Visitor: 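Would you mind keeping the following structure in view while I ask a few things?
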Amino acid sequence: MADDGITAGYVAIDGVRTFYEETGPDDGEDVVLVHTAGADSLEWRYVLPELGANGYHAYTLDLPGHGKSLPHPDGHLANMHAIAEFVWSFADAVGVDAPVVAGCSIGGDVVLDLAAHHADSLTGVVCLEGALRTPTYPEGFLAMMETASGMPAFERFYHHASIHCHGEDAIRERVEEHAFFHQHAIQEVTHADLTAWNKHDVRERADEITCPVLYVYGEYDYFLLREYVEETADALPSCQLLTMEGIGHYPMLESDQFVDEMLSFLEQSSDR
């Protein structure tokens, strides 16, 4: 059944029964959307139908062990390049051609990794709240998070973290909605995601990211230090930095302005 023109299905990727949603005309320019740590494709629910309505052929997927996708047979992926290559395999399996890839948080790191290795096959990148490197979590915190005994109230932590890392101008009902489904994240999956986030570093391949990049940073994001944002923006050959005032770690949820900015970037990229 379609909702706002959205259909859903499963595809086998690297032995993983992978859930995805799809919208837009088959002949539209392809866009692939990647979610944040511990979350799933639902995070893009305010963006996906807008892309389809504007003529783009857009997909969003649940990464292995997230949402409706089964875990990876090799265990939870704790390496950003491995996650990125899984997304690339998904794109190949569903038949996308020269897509724009967009992602937030670990999804932002994923799309920068994809651009560092596949820039010639991409039309563009939309990176939200990611960077060339993101070593922002203390090792002790990740060690505590590794077991239920180390962080027995993980669900409440993730609920409150989700609320407080949104900006003061975020649409309030969306903040509450996001906090509700974020608290259902699986601890060991999220631990692997954040381990990948901490180890991610593609600075040495920054010059390889030759496709256009829309780089989105919410000024209230306390998960990502401004110094890493500036380092990334300065290093990328073709980067448009958009700082969103009053917005935090989840611009695609917090503000309808993001959709307008993304559509404008997509139009510019398709004209190149």
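Values in this document were obtained by computation on a predicted structure and should not be read as measured data.
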Visitor: Tell me whether His76 contacts the main-chain N or O of His72 through its side chain, where contact means a donor paired with an acceptor under 3.5 Å.
Guide: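 Not confirmed, His76 side chain does not pair with His72 backbone.
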Visitor: Between Asp40 and Arg45, is there a side-chain N and carboxylate O pair less than 4.0 Å apart?
Guide: no
Visitor: Got a second to check how far Leu112's CG is from Asp201's CG, nearest 0.5 Å?
Guide: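 Leu112 CG to Asp201 CG: 11.5 Å, rounded to 0.5 Å.
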Visitor: Report the C-alpha separation of Leu225 and Tyr228 in whole Å, then their side-chain angles, then the decisive distance to 0.1 Å, and conclude whether the side chain to side chain contact (heavy atoms under 4.5 Å, CB included) test is met.
Guide: CA-CA 6 Å; Leu225 299 179; Tyr228 297 132; 3.8 Å; yes
Visitor: For His81 together with His117, are the ring centres under 6.0 Å from each other?
Guide: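 For His117 and His81, the ring centres are under 6.0 Å apart.
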Visitor: Locate the shortest heavy-atom distance separating His249 from Ser105; write the atom from each residue and the value.
Guide: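 So the two residues come closest at NE2-OG, 2.8 Å.
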Visitor: Give, for atom CG of Leu194 and atom NZ of Lys199, the distance between the pair rounded to the nearest 0.5 Å.
Guide: 12.0 Å
Visitor: Please determine whether a side-chain nitrogen of the Lys or Arg among Glu21 and Lys68 lies less than 4.0 Å from a carboxylate oxygen of the Asp or Glu.
Guide: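 Salt bridge between Glu21 and Lys68, a charged N being under 4.0 Å from a carboxylate O: no.
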Visitor: Starting at CZ of Phe157, measure out to CE of Met144 and round the result to the nearest 0.5 Å.
Guide: 10.0 Å
Visitor: Using the rule given for side chain to side chain contact (heavy atoms under 4.5 Å, CB included), can you reason through Phe258 versus Val216, listing the C-alpha separation, both sets of side-chain angles and the distance that settles it, and then say yes or no?
Guide: CA-CA 9 Å; Phe258 169 74; Val216 183; 4.1 Å; yes
Visitor: Do Leu51 and Leu263 pass the side chain to side chain contact (heavy atoms under 4.5 Å, CB included) test, and can you show the C-alpha distance, the side-chain angles, and the key distance before you say yes or no?
Guide: CA-CA 8 Å; Leu51 294 176; Leu263 288 171; 4.0 Å; yes
Visitor: Is the count of non-hydrogen atoms from other residues, nucleotides or ligands lying under 6.0 Å from Glu245 atom CD greater than 12?
Guide: no
Visitor: Under 3.5 Å, is there a donor-acceptor pair linking the side chains of His166 and Glu176?
Guide: no
Visitor: Going through the distances and angles, do Glu43 and His178 end up as a side-chain hydrogen bond (donor to acceptor under 3.5 Å, both in side chains)?
Guide: CA-CA 8 Å; Glu43 287 187 317; His178 190 232; 2.7 Å; yes
Visitor: Do Tyr59 and Glu22 get their side chains close enough for a donor-acceptor pair, meaning under 3.5 Å?
Guide: yes
Visitor: Of the non-hydrogen atoms in Met145 and Phe154, which two are nearest, and what is the gap between them?
Guide: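 For Met145 versus Phe154, the nearest heavy atoms are CE-CE1, 3.2 Å.
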Visitor: Given 3.5 Å as the limit, does a donor-acceptor pair link the side chain of Trp197 with the main chain of Thr134, or not?
Guide: yes
Visitor: Measuring only between side-chain heavy atoms, which start at C-beta, is Met252 closer than 4.5 Å to Leu128?
Guide: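 Met252 vs Leu128: side chains touch.
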Visitor: Please determine whether side chain to side chain contact (heavy atoms under 4.5 Å, CB included) holds for the pair Thr7 and Tyr20, giving the CA-CA distance in whole Å, both sets of side-chain angles, and the decisive distance to 0.1 Å.
Guide: CA-CA 9 Å; Thr7 58; Tyr20 68 93; over 6 Å; no
Visitor: Is there a donor-acceptor pair closer than 3.5 Å between any side-chain N or O of Ser162 and the backbone N or O of Tyr158?
Guide: no
Visitor: Should we count CD of Glu204 as having more than 12 external heavy atoms under 6.0 Å?
Guide: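 Atom CD in Glu204 is not packed in, count stays at 12 or less.
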Visitor: When you measure from the side chain of Ser69 to the backbone N and O of Gly65, does any donor-acceptor pair fall under 3.5 Å?
Guide: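 Side chain of Ser69 to backbone of Gly65: no pair is present.
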Visitor: Could you tell me if Thr147 and Ser149 have a donor-acceptor pair between their side chains, going purely by distance under 3.5 Å?
Guide: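 There is such a pair between these side chains.
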Visitor: Between Ser255 and Arg174, do the side chains contain a donor N or O and an acceptor N or O under 3.5 Å apart?
Guide: no
Visitor: Report the C-alpha separation of Ser264 and Gln268 in whole Å, then their side-chain angles, then the decisive distance to 0.1 Å, and conclude whether the side-chain hydrogen bond (donor to acceptor under 3.5 Å, both in side chains) test is met.
Guide: CA-CA 6 Å; Ser264 176; Gln268 294 172 22; 3.3 Å; yes
Visitor: With a sphere of 6.0 Å drawn around CZ of Phe141, does it hold more than 12 non-hydrogen atoms of other residues, nucleotides or ligands?
Guide: yes
